[in-house]
Amino acid sequence: MKNFVKLIALFTLLLSLSLVINSVLSVRPVAAQVPFAGPGTIIGLCTNTASFLIAVGPPVPGLYMIRQLPRGIWLAGLFVPTPIPCFFGNVPHGVAFPVILFGSG
């Protein structure tokens, strides 16, 4: 009977330890978020990502992909610094950064 109790205690300990190790190893890093801002101009539509290709001017210029049309001229927001190719059908438009949060005015 004592061996059975020891076996159950060992099993419980190993199960708890494996759950802790699994939770530590399953943590995924969060993608970096970089700010952008400036006047925006719509260049075209990216059919491969179902988003609009927008060029943003200074102070933080670049090409960005936005899923909805902005309502103003000035844009500010956050993007992920992982460039994605933009295609209209089979024609490449360029490489742009996906926007995760933005506002316009």
Side-chain angles (χ1 to χ4, degrees):
M1 186 69 173
K2 286 185 177 182
N3 289 339
F4 182 72
V5 172
K6 287 181 182 179
L7 185 63
I8 294 295
L10 180 63
F11 177 75
T12 305
L13 179 68
L14 289 175
L15 181 62
S16 299
L17 185 62
S18 69
L19 290 174
V20 169
I21 291 172
N22 186 26
S23 66
V24 168
L25 293 178
S26 66
V27 174
R28 292 187 172 89
V30 176
Q33 300 172 357
V34 181
F36 73 95
T41 304
I42 297 173
I43 294 178
L45 179 67
C46 300
T47 56
N48 61 324
T49 59
S51 58
F52 296 97
L53 182 64
I54 295 183
V56 176
V60 185
L63 288 176
Y64 303 99
M65 290 183 191
I66 296 180
R67 294 208 177 246
Q68 64 186 35
L69 282 174
R71 294 188 179 165
I73 296 173
W74 278 83
L75 299 174
L78 299 172
F79 70 92
V80 179
T82 305
I84 297 175
C86 172
F87 290 93
F88 182 72
N90 292 331
V91 180
H93 272 297
V95 178
F97 297 104
V99 172
I100 55 173
L101 174 73
F102 83 97
S104 60

Give the table of side-chain donor-acceptor pairs shorter than 3.5 Å for residues 55-65, with sequence neighbours excluded, one pair per line with atom names and distance.
from, atom 1, to, atom 2, distance (Å)
Y64, OH, P61, O, 3.4

Could you give the side-chain donor-acceptor pairs of residues 91-105 under 3.5 Å, partners two or more places apart or in another chain?
from, atom 1, to, atom 2, distance (Å)
S104, OG, R71, N, 3.1
S104, OG, G72, N, 3.4

Please name all residues satisfying side-chain contact (heavy atoms from CB on, under 4.5 Å) with P85, sequence neighbours left out, ordered by chain then number. F87

Contacts of type side-chain contact (heavy atoms from CB on, under 4.5 Å), residue T41, not counting sequence neighbours: none

What pairs meet the disulfide bond (SG atoms under 2.5 Å apart) rule with one or both residues in residues 57-105, with sequence neighbours excluded? C46-C86

Between L78 and V34, is there a shared hydrophobic cluster once you connect ILVMFWY residues whose side-chain heavy atoms come closer than 4.5 Å? no

Look up atom CG in L53 and atom CD1 in I84, then write down how far apart they are to the nearest 0.5 Å. 11.5 Å

Report yes or no: do L75 and L45 belong to one cluster of Ile/Leu/Val/Met/Phe/Trp/Tyr joined by side chain heavy-atom distances under 4.5 Å? yes

Please check if I43 and I66 belong to a single hydrophobic cluster, counting links between Ile, Leu, Val, Met, Phe, Trp and Tyr side chain heavy atoms closer than 4.5 Å. no

Strictly by side-chain hydrogen bond (donor to acceptor under 3.5 Å, both in side chains), give each pair with a member in residues 47-56 just once, sequence neighbours left out. T49-S51

